[in-house]
Amino acid sequence: MTRIGIATALASILMLGSASFAAQKDQTFTGEITDNQCAKMGSHQAMMKSMNMKSPKECALGCVKAGGKFVLYNAAAKTVYQLDDQTKPEQFAAEKVVVIGSLNKDTGTIHFTDIKRVP
């Protein structure tokens with residue numbers, strides 16, 4: 001193979017390879033910011049009763065304080081998304097939100113750029 005042929009083949013491989021590493025476009029996800037334990041159960045009710053908590057917000061914050069993680073739970077689709085940032089979701093605990101970011105399909109984690117309350 002000539003040098004030009006080799007160079008062309010390498011350039012083609014590099015171009016195809018870089019396309020797979022291109023940044024994913026942001027998507028919009030809706031649901032409730034909650035904790036991973038209650039999201040697995042689909043509700044705060046059982047945990048609130050067993051831990052004598054008065055509200056879903058108190059429940060989510062208590063579960064995270066005890067070692068849980070904030071997640072986005074879409075009740076309609078029964079889908080749980082992990083959130084890469086565990087600081088910002090705290091202010092939205094037990095609230096309906098729109099999360100804007102990209103989903104890592106391998107881990108189910110959203111790398112988010114924004115969270116907004118649903119009016």
Side-chain angles (χ1 to χ4, degrees):
M1 194 179 255
T2 66
R3 286 186 181 188
I4 294 173
I6 293 172
T8 302
L10 285 174
S12 297
I13 291 170
L14 288 174
M15 286 175 55
L16 290 173
S18 66
S20 66
F21 291 111
Q24 294 180 357
K25 291 183 180 178
D26 281 349
Q27 297 175 275
T28 301
F29 304 88
T30 57
E32 176 188 336
I33 297 293
T34 189
D35 61 278
N36 57 327
Q37 298 97 323
C38 291
K40 283 181 188 176
M41 294 185 284
S43 168
H44 294 282
Q45 296 307 316
M47 191 69 74
M48 285 172 52
K49 186 176 180 179
S50 70
M51 301 302 287
N52 196 27
M53 295 182 179
K54 311 232 181 294
S55 70
K57 182 171 187 151
E58 182 183 358
C59 182
L61 292 173
C63 288
V64 169
K65 187 175 182 179
K69 298 285 185 187
F70 285 114
V71 298
L72 179 69
Y73 176 62
N74 181 317
K78 293 187 172 51
T79 306
V80 178
Y81 298 102
Q82 307 300 314
L83 299 170
D84 67 339
D85 178 348
Q86 290 290 298
T87 305
K88 191 170 184 179
E90 182 176 3
Q91 65 184 307
F92 300 98
E95 292 185 37
K96 303 278 190 243
V97 297
V98 173
V99 173
I100 299 167
S102 58
L103 175 65
N104 179 326
K105 292 180 182 177
D106 295 332
T107 64
T109 301
I110 298 173
H111 170 71
F112 64 91
T113 56
D114 200 12
I115 300 178
K116 297 179 183 178
R117 288 178 177 87
V118 173

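In this structure, Val118 and Val98 have side chains that are in contact, with non-hydrogen atoms separated by less than 4.5 Å.
Atom CG of Asn104 is separated from atom CG of Asp106 by 5.0 Å, given to the nearest 0.5 angstrom. Distance check: Asp84 CG to Ser102 OG gives 8.0 Å after rounding to the nearest 0.5 Å.
Annotation: salt bridge (Lys or Arg N to Asp or Glu O under 4.0 Å) contacts of Lys116 (sequence neighbours excluded): Asp114. With sequence neighbours left out, Phe112 forms a ring pair (Phe, Tyr, Trp, His ring centres under 6.0 Å) with no residue at all. In terms of the salt bridge (Lys or Arg N to Asp or Glu O under 4.0 Å) criterion, residue partners of Glu95 (sequence neighbours excluded) are, by chain and number, Arg117.
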Between side-chain atoms of residues 28-35 and protein atoms elsewhere (two or more places apart, or another chain), which donor-acceptor pairs fall under 3.5 Å?
unit_1	atom_1	unit_2	atom_2	d
Glu32	OE2	His44	NE2	2.9
Thr34	OG1	His44	NE2	3.1
Asp35	OD2	Gln37	N	3.2
Asp35	OD2	Cys38	N	2.8

What side-chain donor-acceptor pairs closer than 3.5 Å can you find for residues 64-73, not counting sequence neighbours?
none

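The minimum heavy-atom distance linking Asp85 with Thr87 is given by the pair OD1-N, 2.7 Å. Residue Ala94 comes nearest to Pro56 through the heavy atom pair CB-C, 3.6 Å, listed as atom of the first residue, atom of the second, then distance. Listed here is the closest heavy atom pair of Pro89 and Leu83: CG-CD1, 3.9 Å.
Here Met47 sits in one hydrophobic cluster together with Met41, Met48, Met51, Met53; the rule is ILVMFWY side chains under 4.5 Å apart, joined directly or through other members.
Of the possible donor and acceptor atoms, one in the side chain of Thr113 sits under 3.5 Å from a partner among the backbone N and O of Ile100.
Annotation for Lys88: atom NZ counts as buried by contact number, over 12 foreign heavy atoms lying within 6.0 Å. More than 12 heavy atoms of other residues, nucleotides or ligands sit less than 6.0 Å from atom CD of Gln86.
Residues Ile115 and Leu61 fall within the same hydrophobic cluster, defined by Ile, Leu, Val, Met, Phe, Trp and Tyr side chains chained together at heavy-atom separations under 4.5 Å.
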